[in-house]
K.L.:
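Submitted below is the structure of interest, expressed as structure tokens.
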Amino acid sequence: MGAMPNWNTVCRRMEAFWAQEVADAPCVAIPVRAPGFTPRRFGGGPDASFEELWKTGGDPEKMLAACLSEFEAKTYCGDAFPSVFPDYGTLPHINAIQWTPVAGQPRTSDFMDVLQKIQRAGKGLVLLPRPDELDALMDGLSPEGVRIVLYDVASRDEAEQLLDKTKKWKRQTVWRKAHV
């Protein structure tokens with residue numbers, strides 16, 4: 001497994017995220033996949049991915065092997081850490097919204113008005129933008145209650161540059177005042 005962040009720092013930032021606050025820096029996770037890594041395929045045919053196997057109730061041993069393979073092929077930068085969500089269970093209270101871009105649809109940053117409305121409602125945001133959207137999101141959103149997960153980062157050096165950029169992200173008050 002690649003480099004891991006300081007677990008105490010990650011916990012402090014995640015707790016701040018859920019409290020709609022910022023600890024020492026915004027909560028930004030960047031898992032960087034090793035060059036040339038190909039996810040394991042197994043189970044329901046040659047093209048069955050871990051996600052497909054999970055949804056169809058596949059063999060837990062094979063799913064665990066796939067998870068471990070993914071974990072070992074990544075370097076975890078910022079607040080990223082290996083995780084699996086086998087059962088979300090029921091959620092009596094929704095405190096955050098995950099905004100996941102879908103192929104063929106506008107980019108995350110194109111929905112700034114909606115994201116700001118979610119923030120004004122006091123809800124957190126888990127965003128999965130492309131790295132080139134980071135500036136627009138930092139300009140339009142307040143970092144309190146926001147967790148950014150950047151997947152399309154090519155190297156640890158690029159990840160470190162993006163993390164340095166997010167450390168300058170400060171509370172936005174202009175849009176809050178204009179829309180309260």
Side-chain angles (χ1 to χ4, degrees), residues 1-42 47 49-54 62-86 96-103 105-112 115 124-172:
M1 192 173 322
M4 293 287 294
N6 179 294
W7 183 244
N8 291 329
T9 300
V10 171
C11 288
R12 191 173 56 253
R13 289 180 183 160
M14 289 297 292
E15 288 171 357
F17 159 73
W18 285 112
Q20 302 283 316
E21 299 170 356
V22 173
D24 60 312
C27 191
V28 179
I30 308 176
V32 180
R33 191 175 273 174
F37 174 75
T38 302
R40 292 177 71 166
R41 301 285 182 185
F42 50 83
D47 295 326
S49 67
F50 168 75
E51 292 81 10
E52 293 162 337
L53 198 61
W54 189 273
K62 289 181 180 178
M63 291 187 292
L64 179 59
C67 284
L68 293 175
S69 173
E70 279 277 336
F71 293 167
E72 291 169 358
K74 290 181 182 172
T75 297
Y76 296 89
C77 301
D79 302 314
F81 55 90
S83 59
V84 177
F85 302 103
I97 305 295
Q98 178 172 317
W99 196 272
T100 305
V102 178
Q105 297 297 315
R107 298 157 53 93
T108 301
S109 56
D110 291 339
F111 293 94
M112 190 62 67
L115 300 174
L125 289 165
V126 178
L127 304 175
L128 289 81
R130 299 193 54 82
D132 63 352
E133 295 180 87
L134 195 54
D135 287 333
L137 294 169
M138 289 172 55
D139 286 344
L141 298 172
S142 190
E144 292 85 5
V146 175
R147 182 166 194 250
I148 301 279
V149 181
L150 296 171
Y151 282 108
D152 295 322
V153 176
S155 68
R156 183 177 178 90
D157 287 340
E158 182 185 0
E160 294 299 331
Q161 290 173 359
L162 292 166
L163 289 168
D164 287 344
K165 181 185 288 193
T166 63
K167 290 177 183 172
K168 299 173 184 127
W169 191 8
K170 302 295 180 200
R171 175 185 282 271
Q172 300 292 323

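These figures come from a predicted structure and were not determined experimentally.
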K.L.:
Residues two or more places apart in sequence or in another chain: which of them pass side chain to side chain contact (heavy atoms under 4.5 Å, CB included) with Val22?
P.N.:
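With neighbours one apart ignored, the set is Pro26, Pro143, Glu144.
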
K.L.:
Test side chain to side chain contact (heavy atoms under 4.5 Å, CB included) on Trp169 and Leu134 and set out the steps.
P.N.:
CA-CA 10 Å; Trp169 191 8; Leu134 195 54; 5.6 Å; no

K.L.:
Can you check side chain to side chain contact (heavy atoms under 4.5 Å, CB included) on Val153 and Glu158, steps first, answer last?
P.N.:
CA-CA 7 Å; Val153 176; Glu158 182 185 0; 3.8 Å; yes

K.L.:
Can you list everything that forms a salt bridge (Lys or Arg N to Asp or Glu O under 4.0 Å) with Asp157? Sequence neighbours excluded, please.
P.N.:
none

K.L.:
Apply salt bridge (Lys or Arg N to Asp or Glu O under 4.0 Å) to Asp110 and list each qualifying residue two or more places apart in sequence or on a separate chain.
P.N.:
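For Asp110 there are no salt bridge (Lys or Arg N to Asp or Glu O under 4.0 Å) partners, ignoring immediate neighbours.
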
K.L.:
Tell me every residue that passes side chain to side chain contact (heavy atoms under 4.5 Å, CB included) with Met14, counting only those two or more places apart in sequence or in another chain.
P.N.:
Val10, Trp18, Cys27, Arg147

K.L.:
I'd like to check the side chain to side chain contact (heavy atoms under 4.5 Å, CB included) partners of Asp135; sequence neighbours left out, ordered by chain and number.
P.N.:
Lys165

K.L.:
Can you tell if the side chain of Arg156 reaches within under 4.5 Å of the side chain of Ile30, non-hydrogen atoms only?
P.N.:
no

K.L.:
Return yes when atom CZ of Arg107 has more than 12 non-hydrogen atoms of other residues, nucleotides or ligands closer than 6.0 Å, and no otherwise.
P.N.:
yes

K.L.:
How about Leu141 and Leu127: do any of their side-chain heavy atoms sit closer than 4.5 Å?
P.N.:
yes

K.L.:
Partners of Tyr151 by ring-ring contact (aromatic ring centres under 6.0 Å, His included), sequence neighbours excluded?
P.N.:
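Tyr151: no ring-ring contact (aromatic ring centres under 6.0 Å, His included) contacts found.
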
K.L.:
Apply side chain to side chain contact (heavy atoms under 4.5 Å, CB included) to the pair Leu163 and Val28, showing each step before the final yes or no.
P.N.:
CA-CA 7 Å; Leu163 289 168; Val28 179; 3.9 Å; yes

